[in-house]
Amino acid sequence: MKQKPVIYQIFTRLFTNDNPTCVPGGTIAQNGSGKLNNITPRVLKSIKELGITHVWYTGVIEHATKSDYSAFGITPDNPHVVKGQAGSPYAIKDYYDIDPDLAENVAERMKEFEALVDRTHKGGMKVIIDFVPNHTARNYHSDARPAGIRDLGEDDDPNLFFGHDNNYYYITRQLFSPSVDMGQGDDAYVEFPAKATGDDCFSAFPGVNNWYDTVKLNYGVDYGDGSRHFQPIPSTWFKMLNILRFWASKGVDGFRCDMVHMVPLEFWEWAIPNVKDRYPDIIFIAEIYDTYLYRPFIERGGFDYLYDKVNLYDTLIGIECANYSAATITSSWQRTDGLGPHMLNFLENHDEQRFASRFKAGDPAKVYPSLVVSSTINTGPMMIYAGQELGEKADDAEGYSGLDGRTTIFDYWSVPTLRRWYNGGKPDGSLLTPAEKHLRARYAHILGLLNKEKAFSEGKFFDLMYVNYQNPTLNPHRHYVYMRSHEGETIFVAANFGDTPAELKVNIPMHAFEYLNIPQGHAPAKELQSGETDDKMLIPDGTFDVNVPAHDAVMWKFRHADVRPQRHETAATTPRPKKSKR
């Protein structure tokens with residue numbers, strides 16, 4: 001059976017931190033940090049019970065921070081080019097090392113990570129980590145790189161804006177002078193000549209909203225004149241390939257690749273096959289924000305999956321929060337038609353506001369129609385961000401990032417819902433509220449169906465909206481209906497984004513019967529969440545009748561082999577058995 005990846009994203013620094021008295025902007029001594037060793041077999045078992053197949057450990061690579069680990073041979077970072085106390089996990093300072101914040105024994109941090117990889121595999125799940133190819137911390141230095149590996153920037157000529165084998169871009173003869181405080185005297189951060197900033201700011205004067213804590217890497221594109229220099233292969237390409245192979249050798253099963261469209265497609269076209277040549281089962285996930293680039297990065301670049309953020313995610317959030325019509329889901333999947341198996345869907349991640357936050361839906365119980373649609377509309381991966389399944393609202397102003405509906409990635413902090421779930425390493429649910437327990441159970445049931453039902457993991461998709469646009473029972477602004485089918489089993493899905501229950505009488509066209517090879521007649525069907533059973537009509541001139549609660553979705557499954565041929569009764573006179581529970 002083909003597996004549909006179901007990914008659980010953990011922001012590792014926060015995940016097992018159970019300090020209930022964190023202070024905004026606090027240091028690691030004040031607020032603490034989650035540890036790799038705290039992600040025990042018991043914790044992993046609870047994660048797997050959600051239907052999870054892969055764990056994405058976010059922020060495990062060593063990055064710039066205000067915490068001082070000089071006692072362990074780690075060069076301290078200047079605090080003026082670090083965001084927050086903990087720093088951004090995307091300001092990498094050593095691609096070959098583990099973030100010391102995450103280790104109980106800092107000197108053994110790599111061994112602790114290797115043990116976590118082993119525990120995760122023994123727990124029946126695979127491991128994903130970040131690969132950050134576009135930029136590094138402003139002061140990059142690897143003290144953990146293997147013998148014979150040259151450091152990034154080590155051989156650069158800083159007198160050149162662009163050099164074919166330079167790893168960075170230099171704003172020659174100019175001092176780095178961002179519009180943020182760089183300190184005074186011995187405390188000041190001094191960079192001369194300035195390097196280009198990670199968000200393609202080729203100036204010595206980035207603003208407060210630029211990624212001033214990062215430096216852009218050079219893959220052979222001269223941004224001065226737009227020329228591209230990929231032969232001979234640039235130095236940066238080889239150095240990044242070595243990093244990918246290093247982590248693959250540690251047993252990592254996949255990479256979530258940051259901002260891939262800011263790196264030339266030609267690099268991915270070269271690097272991914274070179275990694276898969278040695279590690280054929282490893283997967284590559286692209287963070288990308290341009291639908292016009294989806295096909296090139298899959299078909300040429302070699303990515304297995306990519307974020308469908310600017311398409312399905314934005315559509316579902318728009319339906320929930322900005323009065324978009326539910327019918328826009330049709331145009332969403334049509335934009336990526338044929339790419340469904342490669343689309344990674346989600347409703348939350350570390351970059352986005354929490355679904356239940358005051359800035360989005362405001363109520364975690366409104367998630368079900370979006371959750372069902374995003375997880376079942378195609379065979380590509382589904383991703384959950386830790387705490388989402390508990391209704392985390394991100395109501396804290398943690399420090400650098402302030403109160404913005406996101407869970408901080410820059411600060412030392414503790415997430416209230418996760419803290420109650422973790423319960424000192426005993427994730428038994430005893431500290432969760434009844435609403436949190438119910439929500440988590442629904443998530444577990446829905447996500448668990450994704451690999452139990454072949455129609456979801458491998459099946460065909462049929463959108464029923466076009467034939468129901470004049471259906472008086474179906475409001476296309478609030479309702480969305482479709483079918484998934486595989487090997488003689490079909491699941492009818494109806495989502496209700498509205499505030500009132502819906503009694504839908506849905507037309508199924510002849511084309512659906514032909515495309516999905518469904519016989520006509522009547523069949524017993526089961527709703528996959530409630531266990532409710534009913535006899536459903538499966539004829540082109542009849543209707544498939546379902547009741548859908550407000551802000552919810554139903555999934556009715558029937559087997560083709562159970563379809564009884566239609567007799568001469570009309571839909572009005574055909575007896576219907578009473579509904580029952582199994």
> Looking only at heavy atoms, what is the nearest atom pair of M555 and V372, with distance?
Replying inline: SD-CG1, 4.1 Å
>> Side chains of Y307 and R256, heavy atoms from C-beta outward: is any pair under 4.5 Å?
In response: yes
> Hey, does H350 have a side-chain heavy atom less than 4.5 Å from the side chain of R406?
Replying inline: no
> Of V415, L418, L439, T433, which is the lone residue that meets side-chain contact (heavy atoms from CB on, under 4.5 Å) with L390?
Replying inline: L418
> Do T16 side-chain atoms and K35 backbone N/O form a donor-acceptor pair below 3.5 Å?
Replying inline: yes
> At their closest point, which heavy atom of E320 faces which heavy atom of A361, and how far apart are they?
Replying inline: CG-CB, 3.8 Å
> Do side-chain atoms of E458 reach the backbone of K2 as a donor and acceptor pair under 3.5 angstrom?
Replying inline: yes
>> Would you say D499 and H551 are linked by a side-chain donor-acceptor pair, where the criterion is simply a distance under 3.5 Å?
In response: yes
> Quick one: does D99's side chain have a donor or acceptor within less than 3.5 Å of a partner on D101's backbone?
Replying inline: yes
> When you look at Y90 and N134, which way does the side chain to side chain donor-acceptor pair (under 3.5 Å) test go after all the steps?
Replying inline: CA-CA 10 Å; Y90 296 98; N134 178 65; over 6 Å; no
>> Can you see whether N31 engages N19 through a side-chain donor-acceptor pair at a distance of less than 3.5 angstrom?
In response: no
>> If you define the side chain from C-beta out and look only at heavy atoms, does anything of Q520 sit under 4.5 Å from I508?
In response: no
> Between atom CZ of F255 and atom CZ of F303, what is the distance when rounded to the nearest 0.5 Å?
Replying inline: 11.0 Å
> Are D199 and T214 close enough that some pair of their side-chain heavy atoms sits under 4.5 Å apart?
Replying inline: no
> Is it true that a side-chain atom of T12 and a backbone atom of V60 form a donor plus acceptor pair closer than 3.5 Å?
Replying inline: no
>> What's the separation between atom CZ in F462 and atom NE2 in H511, rounded to the nearest 0.5 Å?
In response: 4.5 Å
> Okay, side chain of N38, backbone of G34: is any donor-acceptor separation there less than 3.5 Å?
Replying inline: no
> How about K45: does its NZ atom have over 12 heavy atoms from other parts shown lying under 6.0 Å from it?
Replying inline: no
> What closest approach, in Å, do S457 and L450 show between heavy atoms, and which atom pair accounts for it?
Replying inline: CB-O, 3.4 Å
> Is the NZ or CZ atom of K536 both under 6.0 Å from the centre of the six-membered ring of F558 and within 45° of that ring's axis?
Replying inline: no
> Are V117 and I129 close enough, and set up right, to give a side chain to side chain contact (heavy atoms under 4.5 Å, CB included), and what steps lead you there?
Replying inline: CA-CA 10 Å; V117 172; I129 65 169; over 6 Å; no
> Are the ring centres of Y480 and F497 closer than 6.0 Å?
Replying inline: no
> Going through the checks in order, is the side chain to side chain contact (heavy atoms under 4.5 Å, CB included) test met by L474 and K505?
Replying inline: CA-CA 8 Å; L474 190 147; K505 298 180 180 297; over 6 Å; no
> Does R13 use its side chain to pair, donor to acceptor, with the backbone of S33 at less than 3.5 Å?
Replying inline: no
>> Any donor-acceptor pair under 3.5 Å linking the side-chain atoms of R354 with those of T407?
In response: yes
> Are W421 and F15 close enough that their ring centers fall under 6.0 Å?
Replying inline: yes
>> Please check: side-chain N/O of R484 versus main-chain N/O of T376, any donor-acceptor pairing under 3.5 Å?
In response: yes
>> Please determine whether a side-chain nitrogen of the Lys or Arg among D18 and R419 lies less than 4.0 Å from a carboxylate oxygen of the Asp or Glu.
In response: no
> Quick one: do the T490 and H560 side chains pair a donor with an acceptor below 3.5 Å?
Replying inline: yes
>> Please report the interatomic distance CZ(F297) to CD1(I272), rounded to the nearest 0.5 Å.
In response: 9.5 Å
>> Contact between P364 and K393 at the side-chain level, heavy atoms closer than 4.5 Å - yes or no?
In response: yes
>> Could you walk me through whether D308 and R335 satisfy the salt bridge (Lys or Arg N to Asp or Glu O under 4.0 Å) test, starting with their C-alpha distance in whole Å, then the side-chain angles of each, then the deciding distance to 0.1 Å, before giving a yes or no?
In response: CA-CA 11 Å; D308 196 15; R335 273 190 293 273; over 6 Å; no
> Hey, what do you get for CG (L516) to NE2 (H486), rounding to the nearest 0.5 Å?
Replying inline: 12.0 Å
>> Can you confirm whether D545 sits close enough to L504 that some side-chain heavy atom of one is under 4.5 Å from a side-chain heavy atom of the other?
In response: no
> Stepwise, does the side chain to side chain contact (heavy atoms under 4.5 Å, CB included) test hold for V373 with S370?
Replying inline: CA-CA 5 Å; V373 170; S370 296; over 6 Å; no
>> Could you report the tightest heavy-atom contact between I282 and D304, atom names first, then the distance?
In response: O-OD2, 4.0 Å
>> I need the L447 CG to S375 OG distance, nearest 0.5 Å.
In response: 6.5 Å
>> Hydrogens and angles aside, do E287 and Y289 bring a side-chain donor and acceptor to less than 3.5 Å of each other?
In response: yes
>> Between N378 and P341, is there a side-chain heavy-atom distance shorter than 4.5 Å?
In response: no
>> Ignoring hydrogens, what is the shortest heavy-atom contact between Y8 and G387? Give both atom names and the distance.
In response: OH-N, 4.0 Å
>> Quiz question: by atom type and distance under 3.5 Å, do the side chains of D428 and N423 form a donor-acceptor pair?
In response: yes
> Is any side-chain N of the basic residue among E489 and K557 closer than 4.0 Å to the acidic one's carboxylate O?
Replying inline: yes
>> Run the side chain to side chain contact (heavy atoms under 4.5 Å, CB included) test on F346 and K309 for me, step by step, so that the C-alpha distance in whole Å, both residues' side-chain angles and the decisive distance to 0.1 Å come before the verdict.
In response: CA-CA 8 Å; F346 59 89; K309 193 276 179 194; 3.6 Å; yes
> So, H438 side chain and P434 main chain: donor-acceptor pair closer than 3.5 Å or not?
Replying inline: no
> Under 6.0 Å between the ring centres of Y482 and F461?
Replying inline: yes
>> Salt bridge or not between E436 and R440? Use side-chain N to carboxylate O under 4.0 Å.
In response: no
> Among side-chain atoms of N451 and T53, is any donor-acceptor pair under 3.5 angstrom?
Replying inline: no
> Side chains of N311 and S332: do they bring a donor and an acceptor to under 3.5 Å?
Replying inline: yes
> Is there a donor-acceptor contact under 3.5 Å from the side chain of E398 to the main chain of T408?
Replying inline: yes
> Can you tell me if D314 and Y324 form a side-chain donor-acceptor pair at under 3.5 Å?
Replying inline: no
>> Determine whether the aromatic ring centres of residues W556 and F544 are separated by less than 6.0 angstrom.
In response: no
> Checking Q353 side chain against D404 main chain: does a donor-acceptor pair fall under 3.5 Å?
Replying inline: yes
> Which heavy atom in V481 sits nearest to a heavy atom in D463, and how many Å separate them?
Replying inline: O-OD1, 3.9 Å
>> Could you check whether atom OH of Y292 has more than 12 heavy atoms from other residues, nucleotides or ligands sitting under 6.0 Å from it?
In response: no
> Are H342 and Y294 close enough that their ring centres sit under 6.0 Å apart?
Replying inline: no
>> So, taking the atom named CD in E527 and the one named CD1 in I491, what distance separates them when rounded to the nearest 0.5 Å?
In response: 10.0 Å
>> Quick check on E503: does its CD atom have over 12 non-hydrogen neighbours (other residues, nucleotides or ligands) under 6.0 Å away?
In response: no
> With distance as the sole criterion, is a donor-acceptor pair present between the side chains of Y385 and E392 under 3.5 Å?
Replying inline: no
>> Measuring only between side-chain heavy atoms, which start at C-beta, is Y466 closer than 4.5 Å to T330?
In response: no
